[in-house]
Amino acid sequence: MTAKGKELINRFIVDYFILFITWCGMFRRSFNCDTLFHYAHPEVDIIGRCEGGRYLAGLLDYILYRFGRTTADHTGITVMIAVFLLAAAVWIVQLSFEEKIKCRNIYAKIAYYAIYGLLFSNVLFSESLMFGECSVMFGLSYLFASIGIWFFTKRKYWAAFLLFLCSAMEYQVAVAYGAIILSVWIFLENEYKITKQTVVQELICGFSTFGAGLIDMESINVLVRLGILESAEKDAGMGDFLGKIFTCIKDFSVLLRDSRGLMPKVWLPLLIFLFACCITLWKFIKEKNARAVLYYCLLMAAMFIMVYALPMAQREIMPYPRMVWIFYVMQAMALLIAFRFTEGKIMCYVCCGYLAVQIMFCQLIVMNHLLSNTLDKTYAMMFYEEVEKYEAETGITVRRLGVANDTDAPLSYNNVHYKTDQINERALGIVTNTLVDVITGREFEKVPMDEEVYRTYFAGKDWDYFNASEQIIFVGDTAYWIIF
């Protein structure tokens, strides 16, 4: 094997190792609400994938379904596969910048790996892996987009477009991921100058990435009009455009502060941004390159827009972490630009330290996720013990289950930390019936909470712990359960 080949293999191993130490805690079976639903009703999710324009993801689910399997059967294995795919994606992005970024010493090489490590080793990306049944879908989407980036850098624009279209058919956020990285590549390719070639490349980039995403989304409406699909999963539209802009700005400030509570409130992401921007701007100002300063400022503004482009496209803006995690792609690219101008020890220490902090909090998030899963399973089995006790005492088989929440049932457990949106959400109280069916292996017919039972036993009450004697009532073959 040639020295070049060994170097490429070693590079992939390092990229994989960074992702492995970040996410290996997810290599065991885990779940969230959507995972449980997919396990119980995979055929419904297959249709849902198609109604969301994720045709390739739906095809994979359909093939597994035909063989009597689902991606929720062994979520640890699907996350393992996803991590391998994501490592390949990072490796390909590195290849795409190989001619633009050179490492001249060991400190530079370490910083180089740390910067690329931030692409998928960050706290916001954790939400994507909470959906164990979708992790391969996410891995494939970003791998396709990364290959599309590589084709673009080789001037093979139609091949790049087709790869971005494939990535959108897995998950549309991948096109924004590709657009941010390519915008930085164009910035470096043109030596920070806005020229006719720069404009042409940016236009081709926009068509190849967001154009592919737009075509994918429009295809849903076509299939709905043809009667092939019943409806579109997402409701696109302008809505309150000004209000959405303020929402994005507010959300961005929270990301800069603590990434929505997933990190300490010390404004570390902001400090890293300022570090990268100051190095780059100082370089341009020192050279009296006003045009480069202008181009760089426009690039930063464009990347901010790209982070929120897809949430803004929805009629009701919902900037979930799995959509705006590319905030960290923006950060990594800002550091990569700065890296080109300084390869000293300070860049190595800052990038490695920042990556280490991200990895540490990712592991804390995973630990709390597994704790949340354990509590969900424990309460489901405690409920089932009450069912078995009732059946043994009365001889009546419980066949139906009605569930409601008390006056203040949170979306996550109080003793589970580092939680936001669907990161470390609890299944209890959200998909209780499905949780019980999956954990106990026994299916109960879902019925609404009886109004008389609710008024008599549960109305106006609020618990902060599980109390079977007060929260579970049996009426004939039906169990009624109020969730704390």
What donor-acceptor contacts under 3.5 angstrom involve side-chain atoms of residues 261-288, with partners at least two apart or in another chain?
from	atom 1	to	atom 2	distance (Å)
T280	OG1	A276	O	3.1
K283	NZ	E287	OE2	2.8

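Inspection of the T195 and T198 side chains reveals an N or O donor paired with an N or O acceptor under 3.5 Å.
In this view, N289 satisfies the side chain to side chain donor-acceptor pair (under 3.5 Å) rule with no residue, not counting sequence neighbours. Judged as a salt bridge (Lys or Arg N to Asp or Glu O under 4.0 Å), and not counting sequence neighbours, the contacts of E98 are K4, R11. Taking the side chain to side chain donor-acceptor pair (under 3.5 Å) definition, one finds that Y55 meets it with S219, sequence neighbours left out.
Inter-residue side-chain proximity for L86 and W23 is flagged as unmet; no heavy-atom pair is nearer than 4.5 Å.
Between F187 and Y192, the two ring planes are tilted [angle within 30° to 60°]. Between W91 and F12, the ring planes lie perpendicular to each other; the angle is over 60°, past the 30° to 60° tilted range.
Between F161 and F151, the gap from one ring centroid to the other reaches at least 6.0 Å.
In this structure, SG on C50 lies 9.0 Å from CG on D61, to the nearest 0.5 angstrom.
Pairs passing the side-chain hydrogen bond (donor to acceptor under 3.5 Å, both in side chains) check and including a residue from residues 147-161, sequence neighbours excluded, read R155-E189. Sorted by first and then second residue, the side-chain hydrogen bond (donor to acceptor under 3.5 Å, both in side chains) pairs with a member in residues 329-339 read Q331-Y354; sequence neighbours excluded.
Smallest separation of non-hydrogen atoms from V173 and M323: CG1-O, 3.6 Å.
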